[in-house]
Structures are given as structure tokens and as C-alpha cells.
Protein chains: 2
Amino acid sequence: MNLSSLQQEFVLHFGEMGSRWGINRTVGQIYAVLFLSDVPLNAEQIVDRLGFSRSNVSMGLKELQAWNLVRLKHLPDDRRDYFTTPEDLWEIVRILVAERKKREIDPTLSKLRELEMRTVDSEADRHAHDRLSELRELIELLTGWYDDMNRLETDRLKQLLALGSKLQKFAGADILSLVGRRTAKDKTPAGKEA
Amino acid sequence: MNLSSLQQEFVLHFGEMGSRWGINRTVGQIYAVLFLSDVPLNAEQIVDRLGFSRSNVSMGLKELQAWNLVRLKHLPDDRRDYFTTPEDLWEIVRILVAERKKREIDPTLSKLRELEMRTVDSEADRHAHDRLSELRELIELLTGWYDDMNRLETDRLKQLLALGSKLQKFAGADILSLVGRRTAKDKTPAGKEA
DNA sequence: AAGTCATTTCAATAATTTCTGAAATAGCAT
DNA sequence: ATGCTATTTCAGAAATTATTGAAATGACTT
């Protein structure tokens, strides 16, 4: 590995963590190298830094592109592809959440809704049905909240997060009335509004 | 698979999703069966429903216990172990987040803090150092917010989530002053307070 | 259109992870 | 202690996933 010890340690850690999130170690390491780099890198440079085969790096980059996690750049008079990660870390978080939502949450919601349509015969299925229904509601509340937060500019979002639960004393009464009460059930389903 | 089609479909879907989150398919399916069941189940019953080997189920249950995701029960005059998932879905969410935080976020924070201590020589490392620092700050803001929310009772939490970003108009001025302004930087680091 | 360079594909191999059956352990009752 | 039942361990087999080198593709230049 052709990296400073600082970078190498982070890259290894990140690869390790990635593999606990269903991202393969190699892809995680490629991402970490790009994340730390002050300049865009091409595939050959990544091969050099990490010591993987050229084809492995190519596949890793393809996967990162499919996840929208890297941006492709071009340098003048150089036809190789260069890659970077977004400057803004909040942008990275937004992309990550959006992609996981798209791939995991949305299909799960569809499946839950589909299963809720089924008519139920047995006692056991009655209970199972109720559990699925509860789960769907919970996911809807969370994704609704996420959609809401995702609409905020980053600075507002940071403010709100930093405030944490400070506002909760008010949420019960004062502010709710100021704002116009609106509970989860009133909300348009996730992804259905402009 | 000895399950109603309703249950079977959910179990398969859940196993699939689990495997995208670094949880193995089998373990995901075992969890799903327990999640849907209206009564506690013992290992043999899970073997019957899913058709895995007894030892595989034993290992899966052990892993779920290590994650705190199942509860062990005992029935009178029966010395077999019976398992359930918490009734309350919010309890499940809390456990999941707490465990992932413990296993992934906390070690990453330590690693980032450790790397930030390093003295930096090259230009490239200067930039890498800055990126790590930004990342640490972002994670601290998010975990701080999480700690805050986690302290709320479930009903308050649901209220706040349902409210979403509604409060943000106020967060800028009015309420901040009422509440006493407190930004992320003032916060005690995650896990350091009572 | 031949040559060069960059990237991708793909079949094979390697490595890792999951799963199993058999054996070991553990607790309890007689 | 012996037998009975429940659970766990563990080494090997099976399955899955990651990685590679070689060949194919594509795109640009001369």
C-alpha cells in the first residue's frame, strides 16, 4: 500500500467498517482513498495506492458510480477518468441515505403494503398481519420525517440537529398550535408530494 | 418452509434485506419468524418453520442474542429456551441503533480522534487530516442529536418526528432564544455525560 | 485502418462465509 | 452415576463472493 500511515490507517479502518455494512472491503478502501485525496485520482493511481488489480479497481469504481458516491472528472489533454468524492460531507450523507432508501426502504414498504392487502385466515396470520402493519407505520413515520428534513438547506438542518430534543418541551402544546398540528397520519405518503 | 404464504414472503424479503446490511440471510430469516410469531418459539420450532439445520439455528439465535435483538423466555415445566422479539417496535429500533453505534460509530470516532492527534508532514496529509476532522465533527453532531432524541419517551419522540422540520422556521431565532442557544460545539462529546 | 491507450468484461481461481452433521457439553431427573 | 433432553461447538463441506489476468471493447490519433 502506497499511502502515508495516516491515510493507510483510515483506509483500512474504513474498508473494515464498510464490510459490516454490506459494502465490500475493496470498494470501501477505494472510496476512502478518494475521500482523503486532495486531487481527483484515476484508476491507475488507485491501483498504485492500494495494490489491487486494475480490473478490481475498475469494478469497484463502477459500483461506487452506481451508488452515486463518486463524481467523474476530466482533465485537459488527458482522456483518463478521474474520480472524486463530493467536497461537502453533508452531500455525501444525503446521497447515502437516498440510495439506501431507494434500494432497501422503498422495496420493503412496497412489500409490506402488498402483504397487508392479503386476506388473513389463521389466528397466527392475524397477528403477523398486525406486526407488518405496525412496521409499515413506523417506517412511514421515519421516512416522512426524513423527507421533511431532507428538504432543508444544510445550515438549517445542522441547526435543527444541534438543537436536538430541546424543542420537545414546546412540541406538546405551544408550538404545535402555532404551527398547526399535523400528525404522521395526515401526511401524504412518502415520495408522493412535489 | 412451513409457513403461511404471508409469513413466508415476509421472511424471505427480510432475509434478503438483512444480507444487504451485513446480517446473514439465515439470521435475518430467524429474526423475521420470531418477529411475526404470536408466541415465543424454541429452536426446534424454528428448524421446523425454516428447514435449517439445528446447529445453524442455534448459531443464529446466539448471534441475535449478542445483538440484543431477541429475548429469552421460559415456559413452566419445559426446559427448552423460547425466544421472542420485543413487543414494542420502537424498542427494537432503539436497540438496533444502540448496537450499531457501539460496534461501528464509536470505534470509528476513536480512530478518527486518534488519527487527528498525529502530526502531519505532507501537503496531501494536511488535506486528509482536514477531511478526517470534518468527518469527526459530522459524526459527533449526529450522535449528539441521537443521544438527545434517545432520552425522550417514545411518545414524545414520535411527536417530534411527526413534526419534522415544521419547527425550523422558529429554530433560527425565536425559540433559540427561549430555549437558550446551544450549538454542537458546546456539547459534551457523545457518551461523556451522565 | 492500424496503433495506442483506457476501460470493461468475463471465465477461472482464490478467499471468505455460511451451513451441516457428528460429537461434546450441560442440566436435570431418576 | 446413568439416562434423557437441550444446546453448543467445531471441523469439514457447500455456497457465495471477491479478485484476477487475459481478452474484448471503445475511442481517439496518426
Side-chain angles (χ1 to χ4, degrees), chain A residues 1 11-12 14-34 39-67 69-84 103, chain B residues 1 11-12 14-34 39-67 69-84 103:
Chain A
M1 239 181 215
V11 165
L12 292 175
F14 198 88
E16 213 50 61
M17 283 306 152
S19 70
R20 298 203 198 171
W21 280 79
I23 293 157
N24 101 39
R25 204 190 331 283
T26 309
V27 175
Q29 292 187 9
I30 293 173
Y31 186 81
V33 163
L34 291 172
V39 292
L41 299 179
N42 65 41
E44 207 53 61
Q45 293 172 311
I46 297 170
V47 166
D48 174 56
R49 279 167 173 65
L50 293 175
F52 303 147
S53 73
R54 183 57 236 278
S55 52
N56 201 2
V57 169
S58 174
M59 281 171 152
L61 286 169
K62 234 185 87 187
E63 187 166 347
L64 288 170
Q65 282 177 281
W67 275 83
L69 282 169
V70 293
R71 309 214 172 302
L72 184 55
K73 303 245 160 165
H74 282 104
L75 270 52
D77 299 324
D78 186 338
R79 57 196 175 87
R80 288 169 294 182
D81 295 339
Y82 285 80
F83 297 89
T84 59
R103 291 158 197 248
Chain B
M1 240 183 214
V11 165
L12 291 175
F14 198 88
E16 214 47 63
M17 284 306 153
S19 70
R20 298 203 199 171
W21 280 79
I23 292 157
N24 101 39
R25 202 188 335 280
T26 310
V27 174
Q29 293 187 8
I30 293 172
Y31 186 81
V33 164
L34 291 173
V39 292
L41 299 178
N42 65 41
E44 207 54 61
Q45 293 171 312
I46 297 170
V47 165
D48 174 59
R49 279 168 173 63
L50 293 175
F52 304 148
S53 73
R54 184 56 236 277
S55 52
N56 199 5
V57 169
S58 175
M59 280 170 152
L61 287 170
K62 235 184 86 188
E63 186 166 348
L64 287 170
Q65 283 177 282
W67 275 83
L69 283 169
V70 293
R71 309 215 172 301
L72 184 55
K73 303 243 163 170
H74 281 104
L75 270 52
D77 299 325
D78 187 339
R79 56 196 175 85
R80 287 169 295 182
D81 294 340
Y82 285 79
F83 297 89
T84 58
R103 291 157 197 250

TODO: Please work out whether the ring planes of B/Trp21 and A/Trp21 are parallel, tilted or perpendicular, with thresholds of 30° and 60°.
DONE: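 It falls in the tilted class, 30° to 60°.
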Task: Contact list for residues 49-60 of chain B, test salt bridge (Lys or Arg N to Asp or Glu O under 4.0 Å), sequence neighbours left out - done: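 Non-adjacent pairs meeting salt bridge (Lys or Arg N to Asp or Glu O under 4.0 Å): zero.
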- [ ] Would you list the pairs meeting salt bridge (Lys or Arg N to Asp or Glu O under 4.0 Å) in which at least one residue belongs to residues 69-79 of chain B, sequence neighbours left out?
- [x] B/Arg71-B/Glu91, B/Asp78-B/Arg80
TODO: Check each residue of residues 22-29 of chain B for a non-hydrogen atom within less than 4.0 Å of any atom in DNA chain D, then write out the ones that pass by number, or none.
DONE: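 Listed by number, there are none.
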Open item on the list: Please list, in numerical order, the residues of residues 45-57 of chain A that have a heavy atom closer than 4.0 Å to any atom of DNA chain D.
Closed with: A/Phe52, A/Ser53, A/Ser55, A/Asn56
Task: Phosphate contact (C/dT7 OP1 or OP2) by A/Lys62 side-chain N/O below 4.0 Å - done: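 Checking A/Lys62 against C/dT7: no side-chain N or O falls below 4.0 Å of OP1 or OP2.
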Atom-to-atom span, [atom1] of [X] to [atom2] of [N] - whole angstrom:
X	N	atom1	atom2	result
A/Arg20	C/dT16	CZ	P	16 Å
A/Asp81	C/dC5	CG	P	17 Å
B/Asp78	C/dA29	CG	C1'	15 Å
B/Arg80	C/dC28	CZ	P	16 Å
A/Glu44	C/dT4	CD	P	18 Å
B/Met59	C/dG21	CE	P	13 Å
A/Tyr82	C/dA6	OH	C1'	11 Å

With the side chain counted from C-beta on, respond yes when [X] and [Y] share a heavy-atom pair under 4.5 Å apart, and no when they do not.
X	Y	result
A/Val57	A/Leu50	no
A/Val70	A/Ile30	no
B/Met1	B/Leu12	yes

- [ ] Check every nucleotide of DNA chain D for an atom under 4.0 Å from a heavy-atom of chain B, then give the first and the last such nucleotide from 5' to 3'.
- [x]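 Extent of the interface on DNA chain D: D/dC4 to D/dC10.
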Task: Residues that B/Arg20 engages under salt bridge (charged side-chain N to carboxylate O under 4.0 Å, His left out), provided they are two or more places apart - done: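 By the salt bridge (charged side-chain N to carboxylate O under 4.0 Å, His left out) rule, B/Arg20 matches no residue at all.
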Open item on the list: Donor-acceptor pair, distance only, cut-off 3.5 Å: does the side chain of B/Gln45 make one with the backbone of B/Asn42?
Closed with: yes
- [ ] Over all heavy atoms of both residues, which pair between B/Val47 and B/Phe52 is shortest? Give the atoms and the distance, please.
- [x]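 Of all heavy-atom pairs spanning B/Val47 and B/Phe52, the closest is CG1-O, 3.4 Å.
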Open item on the list: Could you report the tightest heavy-atom contact between A/Leu72 and A/Gln65, atom names first, then the distance?
Closed with: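 Closest approach of A/Leu72 to A/Gln65, heavy atoms only: CD2-NE2, 4.2 Å.
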TODO: Supply the atom-to-atom distance B/Ile46 CD1 to B/Tyr82 OH, rounded to the nearest 0.5 angstrom.
DONE: 11.0 Å
